[in-house]
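Worksheet for the structure shown next.
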Amino acid sequence: MIDLLLRNARPVGATEPVDLAVDGGRLVPLPPGGEARERIALRGRLVPPPLVEPHIHLDAVLTVGQPRDNVSGSLFEGIAVWADRVKSLTVADVQSRVRQVLRWQLANGVQHVRSHVDVCDSELTALRALLELREEAAGQVDLQLVAFPQLGILSFDGGRELMRKAVALGADVVGGIPHYELTREDGVASVIYAFDLAEEFGARVDIHCDETDDDHSRFIEVMVAETIRRGMSGRVTASHTTAMHSYNAAYAYRLVSNIARAGLHMVTNPLDNAVLQGRFDTGPIRRGHTRVKQLQEAGVNVCIGHDSVMDPWYPLGYGDPVQAAFVLAHLGHMSGAAELPRLLDMVTANPAAALGVEDYGLREGGSADLVVFGAPTDVDAIRLVAPRHLVLRGGRIVARTEPAQTSVVWDGVEESVTFLRDTRG
Ligand code: FE2
């Protein structure tokens, strides 16, 4: 007798529903006769492995309006507001906000998170708070922490030392922000410094790279070169890279093939960059996204990040990667029949590969970590930003959303509405 039988689940890519058997926290072969202590009827609902959040700034979540509003909504006013908010950070303040958002993420099916953490603070308050939470949340929402120099490495007094201290304290990943450094040369040096530090500590690299509309911002090519020369393929991620949107086609062609050669992971952040980029354009206004489809055609692993939840840069969001995927479907022109299904990969398997998540994916013998969407297909999951009916970690239910009951009164008769094409109503 096994612990749990999930009847009529629809794993991603399966044409027909299947039964999934769980025992001892792992997926196991179906027992003869299907005997199980508990059975749950999933009625053909989509069941992917857990969602993976490759890019968020947890230290800033839920600070929107503190100490003042970002009136213009711009990136630069956001940085100025955050620089003031940082002055009042305490460990308790960071932890209470992050604890809340980690619960939101788990409710959305997210079980692995990479968070950038601002280390331009001599006390490293946010990092210390997050390091404690990494232990507290382990096995529920697994955290990777990036030492992120919001105000630069070379351009911030003591920046190099703070980065080193952050990695020595336990940050998993080395970050950077080369386009924010004072000069192009400082930007190049900051990328090299980040790679040196990562090599020394055996850490991964994830750099905020070319997050600007300036088409002369080309630090991504430095990341490519350092990755190739140091043999760090698969351990390096370039985040945002919005300037790539504006590069000339000849340069972009060469660059994209070199990104593929280097084996870089790429993270695009549709929510924040939709509102932060194009601010100097008077029309037409650039969408501000990296070249997602061109990168994918070259075989590059591209992921979707959420970036912000109610902070000085982005006042909206509730930590749901599917909402970000929905936005990218529009702004990334990914509405083609072969393109829509890719969006779910970009919030599951693709970021799992970028983070190096082990024991990931639905397979016999693997950990029974999975999400049950309140929708039958990957396209419906995106279209409806469908609720996560159940979230399982190690075979146990860790989040539950009861499906909404909607009805209309039509010609005086109350009828249920599901928003699904292949059902009545
Ligand atoms: Fe970011």
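Counting starts at 1 for both ligands and their atoms, in listed order. Heads up: numbering here begins at 1 and tracks the sequence. A quick note: this is a predicted structure, and the numbers were derived from the prediction, not measured.
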Take a 6.0 Å sphere around CZ of R383 and say whether it holds more than 12 heavy atoms from other residues, nucleotides or ligands. yes
Protein N, O or S atoms lying under 2.8 Å from the Fe ion (ligand 1), listed by chain and number: H55 NE2, H57 NE2, H208 NE2, H240 NE2, D307 OD1
Just to verify, what does E38 make a side-chain hydrogen bond (donor to acceptor under 3.5 Å, both in side chains) with, not counting sequence neighbours? none
Sequence neighbours left out, what passes salt bridge (charged side-chain N to carboxylate O under 4.0 Å, His left out) with R388? Give chain and number order. D320
Would you mind telling me which of V12, L20, L6, L390 makes a side-chain contact (heavy atoms from CB on, under 4.5 Å) with V47? L20
R400, CZ atom: more than 12 neighbouring heavy atoms under 6.0 Å: no
For R26, side-chain contact (heavy atoms from CB on, under 4.5 Å) partners two or more places apart: D359, S367
